[in-house]
2 protein chains.
Amino acid sequence: MLHLSRLRTLHELARLGTVGAVARSLSYSPSAVSQQLAQLEKETGTSLTEQVGRRLVLTDAGRVLAEHAAVLLEGVERAESDLAATRPALSGVLRVASFQSVMLSLIPPALTVLSAEHPDLQIEVHQREVEPAYEGLLAHEFDLVLGEEYPGLDEPHRPGVQREPLLEDPLLLAVPSSGPWCDPEGIEDLADASWTADPETVMPGVWVRNHLRGLGVEPRVRFETIDLLLQAHLVRSGHAVAIIPGLVAREHLGSARLLELAGAPRRRVHTAVRSGRRDHPATRALRTALAEAAASLDSAVPPKLS
Amino acid sequence: MLHLSRLRTLHELARLGTVGAVARSLSYSPSAVSQQLAQLEKETGTSLTEQVGRRLVLTDAGRVLAEHAAVLLEGVERAESDLAATRPALSGVLRVASFQSVMLSLIPPALTVLSAEHPDLQIEVHQREVEPAYEGLLAHEFDLVLGEEYPGLDEPHRPGVQREPLLEDPLLLAVPSSGPWCDPEGIEDLADASWTADPETVMPGVWVRNHLRGLGVEPRVRFETIDLLLQAHLVRSGHAVAIIPGLVAREHLGSARLLELAGAPRRRVHTAVRSGRRDHPATRALRTALAEAAASLDSAVPPKLS
DNA sequence: ACCGACCATTCAGCAACGCTTCACGATATC
DNA sequence: GATATCGTGAAGCGTTGCTGAATGGTCGGT
């Protein structure tokens, strides 16, 4: 009888590509992974892997079985979800990964509602950027992750992941309340300003630079940080200008001024789960709580930048 | 991680109803089955079974999980089938259950063709009536079974089973070549004849009696046997009349006369596999070989009875 | 109403499975 | 060519999961 845990190992190998990575992901020793694959080959009577250089790649048969493994593992999670739905109350632990701005604004009110409705459901929230969050989702490290997409920079669709839109968050120009950059007539007035922005290694950092270039401004990024609270502080204290998402701008910019950029760009924020957990009651509960939190946000629109 | 073999046990419990029957079906001791179920309840944190009287019945949660188990197990067989399809040649053992008349007429030529095309594929054929054949199919005792349906007596659809029609086999009146019943003008001339027929405990026996009664004849069954070769012999030697399927009548009735009954009743013969093995190359190969054997049968139509 | 048959569970014991650790050969990188 | 990385194999050992016997409970038959 084909073993699910071994199929899981094969599936992870298909996803990660090396025995070592699989071992790390599943908390096994590489030897154990190797033995599981050997066992799988013995059981099926088919050679599933092939050594190419010092890497192990799947044969055609291996890919076929790995594809089935993915379907089966999704089925297992669906079974567990349906089983959880038969229980009267939600319980257990739900592990969530979120990037900073949602963790700052949406998660706390959602958790307040949730813990009132489902006192036995424990929720752990881990701060992760989108990429590692997805990686952790597929590795079963997290059960639900928050993701974001910047205009024109769509996230690739990942097999086995089910995504649901949560909100559209405006990307606003934030300038100090006083000083040389406090009242730009157009974006070009900020060509010489000090900018603070995410590093170019992450999606928001890429987008900010691309977008400003598209408007004819090459930003001079003096303060490069992924921390939006830090960016907000730099703007508030008059040291920089920045493009700040509405979720952060709403509460953390103090007296700094907000202006809506031309074209009113928005990032799209979504939740994602492994497909098999789409109908899990805990997934549903958290998603609706987050949606409610998003709906009750102040949606005042700042004045337009010329 | 949910264990497939335990899910299989739960599925068998849903199908068979008692721990003992499950144990027999899976070649375990009842104790092992009980422990597996306990382990499953522990893993899922849900009570799946409930003791009612001296029986064990599934709770709602248990039924939910058993339903998923059925789907998952079907998926496993689909995986194995697709895996077998990646291999260049067919090999292994295919276990078949067939009732007598098909085993007599179609199986041998089909196997001749098959062993020529797939020398490494071993086929075992076991003679079983339709009911036990299906039971064996679900218990993984057989991989493919032959079934039959008599007019008006449809087999119930069984979950997890995929059926494909094979041929329609005429049900013919067989009378001795000489003696008082050798030339009936109508079926009513045989009201006083000695009949040989299947016992009323099996589908063919039920149908024969019903059908004759519908024609106004209450058959006096003197020789009750499930063995169609024996029935054929009794007709051939002048001791009885019978309704014999074409597959047997074609070769085993010697000089006895065949007459087509009013309405030209036919039994429908089909093959059945567990749904997951529908696309297994061995399934496909045997089904096409059987279909070819059926197609090359002599299809001469005997004269009509008045 | 009692006895026997049947059903499920529990416990102890034991075999087999499946992991880790360690050592090794092979391969890519600097 | 030294070094790190990768996958595999053998030994050892803890855990899992089976069998078999004993127990408690339930139903049907006499």
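Order of the sequence lines fixes the chain letters, A, B, ..., with proteins taken first and strands second; residue numbering starts at 1 for each chain.
In this structure, the CG atom of Leu56(B) is 15 Å from the C1' atom of dG24(D), given to the nearest Å. Rounding to whole angstrom units, CZ of residue Arg24(B) and C1' of dA8(C) are separated by 13 Å. As rounded to whole Å, 15 Å separates atom P of dG18(C) from atom CE of Met1(B). At whole-Å resolution of the value, CD in Gln51(B) and P in dC27(D) are 10 Å apart. Straight-line distance from the CG atom of Leu40(B) to the P atom of dT9(C): 13 Å, rounded to whole Å. The CD atom of Glu43(B) sits 17 Å away from the P atom of dT15(D) (whole-angstrom rounding). In this structure, Leu7(B) places its CG atom 13 Å from P of dG17(D), rounding to the nearest Å. As a whole-Å value, the separation of Lys42(A) NZ from dT8(D) P is 16 Å.
Side chain of Thr18(A), nearest nucleotide from dG7(D), dG18(C), dG17(D): dG7(D).
For the pair Tyr28(B) and dT19(D), the criterion of a side-chain N or O lying under 4.0 Å from OP1 or OP2 is not met. Within the structure, every side-chain polar atom (N or O) of His3(B) is placed at least 4.0 Å from both OP1 and OP2 of dT16(D). Under 4.0 angstrom from either OP1 or OP2 of dC6(C) there lies no side-chain N or O belonging to Arg55(B).
For dC6(C), the base has a donor-acceptor partner in the side chain of Arg54(B) [N/O atoms by modelled type, under 3.5 angstrom]. A donor-acceptor contact under 3.5 Å links the side chain of Gln35(B) to the base of dT19(D).
Residue contacts for Ser31(A): at a heavy-atom cut-off of 4.0 Å it reaches a base atom on one of the strands shown. Residue Ser29(A) is in base contact, counting any heavy-atom pair closer than 4.0 Å across all strands shown. Among the heavy atoms of the strands, none lies under 4.0 Å from Gln39(B).
The 12-atom threshold is exceeded at CD of Glu135(A), counting heavy atoms of other residues, nucleotides or ligands nearer than 6.0 Å.
Salt-bridge formation is not detected for the pair Arg63(A)/Glu50(A): no Lys NZ or Arg NE/NH1/NH2 atom is positioned less than 4.0 Å from an Asp or Glu carboxylate oxygen.
Mapped onto DNA chain C by nearest heavy atom, Ser27(A) and Leu13(B) fall at different nucleotides, with Leu13(B) at the one closer to the 5' end. Of the residues near DNA chain C, Val52(A) and Gln36(A), the one whose nearest nucleotide (by heavy atom distance) lies more toward the 5' end is Gln36(A).
A donor atom on one side chain and an acceptor atom on the other are not found under 3.5 Å apart for Glu77(B) and Ser81(B).
At least one side-chain heavy atom of Glu12(A) sits less than 4.5 Å from a side-chain heavy atom of Arg15(A).
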For side-chain contact (heavy atoms from CB on, under 4.5 Å), just list the numbers for Leu111(B) and Val125(B), CA-CA rounded to whole Å, side-chain angles, deciding distance to a tenth of an Å, and then say yes or no. CA-CA 10 Å; Leu111(B) 259 51; Val125(B) 188; 4.1 Å; yes

